[in-house]
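Single-structure report; data block below.
The structure presented is a predicted model; accordingly, all values stated were derived computationally and were not measured.
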2 protein chains.
Amino acid sequence: MNNQQTPTIQDVARLAGVSTGTVSRVLNQRPGVHPETRARVLEVVQRLGYVPMQAARELTGKGDTVGILLAPGVRRYIPYFVLLFEHLSEALWQAGLRLEETPTDPAGLPLKPAKGYILLGAHDHDPRLEALAQARTPHVLVGVYPGAFWVAPDDEGGAYAATRHLLELGHREIAHLTGQPQHQAGRERLRGYRRALEAYQVPYRPELVLDGDFSTLTAYRVVRKAWEGGLRFSALFAASDEMAVGALAALEDVGQRVPQDVSLVGYDDLPEVGEQLTTVRQDIAEIARTTARLLKEALAGAAPHGIRVPVRLVVRGTTCLKEVEG
Amino acid sequence: MNNQQTPTIQDVARLAGVSTGTVSRVLNQRPGVHPETRARVLEVVQRLGYVPMQAARELTGKGDTVGILLAPGVRRYIPYFVLLFEHLSEALWQAGLRLEETPTDPAGLPLKPAKGYILLGAHDHDPRLEALAQARTPHVLVGVYPGAFWVAPDDEGGAYAATRHLLELGHREIAHLTGQPQHQAGRERLRGYRRALEAYQVPYRPELVLDGDFSTLTAYRVVRKAWEGGLRFSALFAASDEMAVGALAALEDVGQRVPQDVSLVGYDDLPEVGEQLTTVRQDIAEIARTTARLLKEALAGAAPHGIRVPVRLVVRGTTCLKEVEG
DNA sequence: CAACTTTCTGTAATCGCTTACAAAAGCTGG
DNA sequence: CCAGCTTTTGTAAGCGATTACAGAAAGTTG
């Protein structure tokens, strides 16, 4: 009767010669199943390629539905968020959580309550944090928010590593293209940049800090204008790959070769953005998995805490040793 | 017993004094329900803010799962696709279709088969079309593909309207910033531009066609370089809002005011991109709904056909009458 | 080996919704 | 007023999982 269909728990039970209850217990790693039985069931599961149907388990009240809340004003086109979103939906599913569309009111609060939330791009004094905390709704923030559950990449560390890389290549005039100061990530990366300079006893020169906004176009204009205005540097650390792409074009247009004349480091390592860039890789998949894990903890009522996800410098073709003059 | 819980179909039935079957029929717009009863049920649904639980309806076998396939090489960060994606997931849900994550192999073919597919950004001779047609898998394409189910905005008409708008404002030197020629949309918009010029008997000047690639940065560079190279025009029609944003910045940087010196028209009318732009609005929600509808037809085995979704010129602040010289 | 425990497994109710089928109600004309 | 329709509504059986609860099997003990 069950020809060609995707297998159900019934099929597994039948083939393994046990009841559906037992299969379910095996699948959910519940105790009280004989090891041999367990093995047999798992073997059949494997063979059939059986995957429990999410809808059904949700019906039993198992599958908690969660929502993702993007801060109002945050442009959801930003590659980083698009990717994070994708990985989150994958990670949540893996964790047995179901991601739901969450329409929000103008204040950014969800109209349809879910069991828990993930907040992206929250500002430090986001009123929604207050509201969620008041309502004791489990939530996890991506970013640093002491007192709540949070997950954040080690932005300062990444920026430090990027800058140090340039320093070790012999560069001393290192410019930094920032993100908006209202974004935590932008601030932290600036901090990492300064800390690295300090560690190498290179004086901090404010004029080398160029104000960007994470957009490619602005990066281009700022860098070009600065260079045409006479600012010189042998290396540039951009706070995002997108900005690095803009900077790269600008440098090219003012006649500088990368990396021979100016070394360039980006940040994020987004696929399809600046393929050959030396950059700092954020493991977005890892951030997503960690977020999902914390959300489960939050749903289980654990005490809030935060986790830093490490980042890694990836050296590619846009940086090189500073050429010693003459 | 059902205190504080999200309401179920049972609650609705009880309060409306009917059976769950009837409520279900109302909700699914099935015939054979007395108008009065229908109204009463809807009233209760409204009052309770009842929303059917997707998991449950999926369990009944209702929810055909469908997948969205993005052509390989298409950058999914593109605002247009992000938006289309969102609207599609909404529209599919409304149509009772369940959108599934569809991991694909390197060739862009789905690994986990769904009942039907929506293809975005397909090229004209995409091998996947062949494969899907062979396998008789129902699918709908966004774009024009005679012989298959397709939905496409009226790009040529939109471009025509945009260009005509500029012509009627008295402009005669109208430049056009194109998308890549391998994109249907880019080609069609160029065609609309040419057709409008023809209709107004303005000679077509190839040098006024600037090669863009739908990106903001390239738009900026191309426009700036062209202007600095001596090219002059009193109006510019960009084939996307993102390119218009780049063009706007470029014009500003070469000392031209918009719209006093140069009128500018974009395309797409994406929220959060170039708010004040005169542009051509694509009704993405409508495209999504139409796509969902066609997919249902395809699933039902209907004969393939295509639908054009109309677009609309939205006049805002970046266009004005051409000033007649002193 | 009887009498208990303890471990393991099966049974069946349940979640919220859809839908085939049956039943009831509303018409119609003679 | 009733047979014979048609329209409207209710009933109940699933869909695929989970999980109390009960029952069977295996292990312990005196």
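- For A/Leu27 and D/dG16, the CG to P distance is 15 Å, given to the nearest whole Å.
- Salt-bridge check for B/Arg308 with B/Glu286: failed, with every basic side-chain N at 4.0 Å or more from each acidic carboxylate O.
- One interatomic measurement links the two molecules: CE of A/Met53 to P of C/dC15, which rounds to 18 Å at whole-angstrom precision.
- A centroid separation of less than 6.0 Å is found between the aromatic rings of A/Phe149 and A/His305.
- One can place CZ of A/Arg14 at 19 Å from P of C/dT9, the figure rounded to the nearest angstrom.
- Residue A/Pro52 has its side chain nearest to D/dA17 when only C/dC8, D/dA17, C/dT18 are considered.
- Considering B/Asp154, B/Asp269, B/Asp268 as possible partners of B/Gln282, the one that fulfils the side chain to side chain donor-acceptor pair (under 3.5 Å) test is B/Asp268.
- With rounding to the nearest 0.5 angstrom, the CG atom of A/Leu119 is 4.5 Å from the CZ atom of A/Arg128.
- A side chain to side chain contact (heavy atoms under 4.5 Å, CB included) with A/Tyr50 is found for one member of A/Leu27, A/Val41, A/Leu15 and no other, namely A/Leu27.
- What separates CG of A/Asn28 from C1' of D/dA20 is a distance of 15 Å, to the nearest Å.
- As a whole-Å value, the separation of A/Ile9 CD1 from D/dG16 P is 11 Å.
- Between the CG atom of B/Leu59 and the C1' atom of D/dC15 there is a distance of 4 Å, rounded to whole Å.
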Show the distances under 3.5 angstrom between N or O atoms of the protein and N or O atoms of nucleotides 9-11 of chain D.
| unit_1 | atom_1 | unit_2 | atom_2 | d |
| --- | --- | --- | --- | --- |
| D/dT9 | OP1 | B/Thr37 | OG1 | 2.3 |
| D/dT9 | OP2 | B/His34 | N | 2.9 |
| D/dG10 | OP2 | B/Ser19 | N | 2.7 |
| D/dG10 | OP2 | B/Ser19 | OG | 3.1 |
| D/dG10 | OP2 | B/Thr22 | OG1 | 3.0 |
| D/dG10 | N7 | B/Arg25 | NH2 | 3.0 |
| D/dG10 | O6 | B/Arg25 | NH1 | 3.2 |

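- The side chain of A/Arg57 has D/dT18 as its nearest neighbour among C/dG16, D/dT18, C/dT18.
- Without hydrogens or angle criteria, A/Asn28 side chain to A/Arg25 main chain gives no donor-acceptor distance under 3.5 Å.
- Closest to the B/Arg30 side chain, of the nucleotides D/dT19, C/dT19, D/dT18, is C/dT19.
- The phosphate of C/dT18 (OP1 or OP2) has a side-chain N or O of B/Ser24 nearer than 4.0 angstrom.
- Rounded to a whole Å, the CD atom of B/Glu36 is 17 Å from the P atom of D/dT7.
- Atom CD of B/Gln10 is separated from atom P of C/dC17 by 8 Å (rounded to the nearest Å).
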Notebook entry, point to check: Under the salt bridge (charged side-chain N to carboxylate O under 4.0 Å, His left out) criterion, do A/Glu43 and A/Arg40 qualify, and how do the steps go?
Noted result: CA-CA 5 Å; A/Glu43 193 272 324; A/Arg40 191 148 33 92; over 6 Å; no
